[in-house]
Amino acid sequence: ECINGIDRKLLDCLAHMEEYKRMYSELGALSEKLHELGADSIEVLESIPTQDLGRLKGEKMTELPTSEQIGTNIESYFGFRETPFGVTPDPRFFYSSPVYLEGLAAVVHGIKGKRGLILLTGEVGTGKTILLRKLMRQLEATVRFVFISNSHLTSYGLFEAIVQDLGVADKEKNRFEMIQELKGYLTEQLKRGQTAALLIDEAQNLSDEALEGLCGLSNLETEEEKLLQIVLVGQPELAVKLNKPGLRRVKQRIALHHRL
């Protein structure tokens with residue numbers, strides 16, 4: 001019964017959409033007619049009240065709803081609290097299916113276990129980014145995250161983004177000094193029971209040079225564990241890319257690879 005009710009609502013919604021299409025079609029025809037008469041159709045249409053447009057055609061026209069009204073109608077019609085299907089990955093809508101829970105558990109295990117370099121791959125649209133957002137929300141109390149979504153950075157640009165995000169060094173210092181300060185910061189975090197994790201989304205776009213640069217960050221460690229946990233997230237092409245002979249050092253450091 002619930003499914004049948006949804007189907008009826010969808011049919012009603014489609015019927016309204018057909019009505020809107022018909023009205024917009026009438027406006028288009030009227031615009032073309034005004035253009036033939038030598039008028040600027042856009043300016044004319046904007047200056048004429050909706051009810052008068054009907055008189056120009058010799059019939060009554062229904063006033064067209066605004067985009068805000070259409071959105072509000074859909075929300076109230078289906079009982080939504082807010083507009084669905086947003087363009088940003090909202091972790092509130094994380095789908096807790098066995099596949100995604102397994103992927104989330106794998107990355108959480110890698111970070112908590114301080115495994116170092118973790119690889120997460122999946123096809124376009126499989127929910128990799130929203131999984132990362134869910135991860136950050138779940139571990140925010142004990143893990144300091146650095147989230148990189150601009151994967152077209154150079155090796156130095158990537159390193160600079162990390163130290164600036166953590167607030168541990170400024171641009172006036174050279175790379176060696178920044179590395180030393182970063183290591184000191186990560187060591188202090190470890191003493192406080194905190195973990196630092198670098199998340200790189202769309203990592204298949206990283207250059208070979210940038211991927212090689214991750215080895216230097218992976219070398220930040222104590223005698224027992226890695227100081228910085230690195231999670232590379234990307235499409236299956238990332239795994240293929242890491243098979244290149246020039247990137248074998250990076251591939252050898254991958255402690256965990258999970259495929260969505």
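Numbering starts at 1 and runs along the sequence shown.
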### Residues Q204 and E202: side-chain donor-acceptor under 3.5 angstrom
yes
Looking at every heavy atom in both [X] and [Y], which two are closest together, and how far apart are they?
X	Y	value
A239	H257	CB-CE1, 4.1 Å
L153	N150	CG-O, 3.3 Å
E140	F145	N-CE1, 4.5 Å
G213	S155	CA-OG, 3.5 Å
T154	A210	C-CB, 4.2 Å
G103	L260	CA-CD2, 4.4 Å

Measure the shortest side-chain to side-chain distance between [X] and [Y] over non-hydrogen atoms and say whether it is less than 4.5 angstrom.
X	Y	result
I200	L206	yes
R144	Y185	yes
L117	Q229	no
V107	K134	no
H258	E102	yes
E225	R115	no
K244	D208	yes
R253	N219	yes

Supply the atom-to-atom distance [X] [atom1] to [Y] [atom2], rounded to the nearest 0.5 angstrom.
X	Y	atom1	atom2	value
L166	L198	CG	CG	9.0 Å
H152	L158	NE2	CG	13.0 Å
I148	L232	CD1	CG	11.5 Å
L217	L227	CG	CG	11.0 Å
L199	I230	CG	CD1	10.5 Å
C215	K251	SG	NZ	13.5 Å

### V240 reachable from V250 in the ILVMFWY side-chain graph, under 4.5 Å edges
no
### Query
Linking I/L/V/M/F/W/Y whenever their side-chain heavy atoms sit closer than 4.5 Å, directly or via other members, would L256 and L101 fall into one cluster?
yes
Please tabulate, for the side chains in residues 125-132, all donor-acceptor contacts under 3.5 angstrom to protein atoms that are two or more places apart in sequence or on a different chain.
unit_1, atom_1, unit_2, atom_2, d
T126, OG1, E123, O, 2.7
K128, NZ, G122, O, 3.1
K128, NZ, E123, O, 2.9
T129, OG1, D201, OD2, 2.7

### Task
Any chance you could lay out the side chain to side chain contact (heavy atoms under 4.5 Å, CB included) test for R192 and Q189, step after step, and finish with the verdict?
CA-CA 5 Å; R192 295 178 180 178; Q189 288 290 105; 4.1 Å; yes
### F147 six-ring face occupied by R133 cation (under 6.0 Å, within 45°)
yes
Does [Y] offer a backbone N or O that forms a donor-acceptor pair with the side chain of [X] under 3.5 Å?
X	Y	answer
R248	P245	yes
Q235	V124	no
K226	G113	no
S218	L214	no

#### Entry: Positive for side-chain contact (heavy atoms from CB on, under 4.5 Å) with T195, one of L186, T142, L139, I111
I111
### Query
With a cut-off of 6.0 Å (strictly less than), are more than 12 heavy atoms of other residues, nucleotides or ligands near NZ of K114?
yes
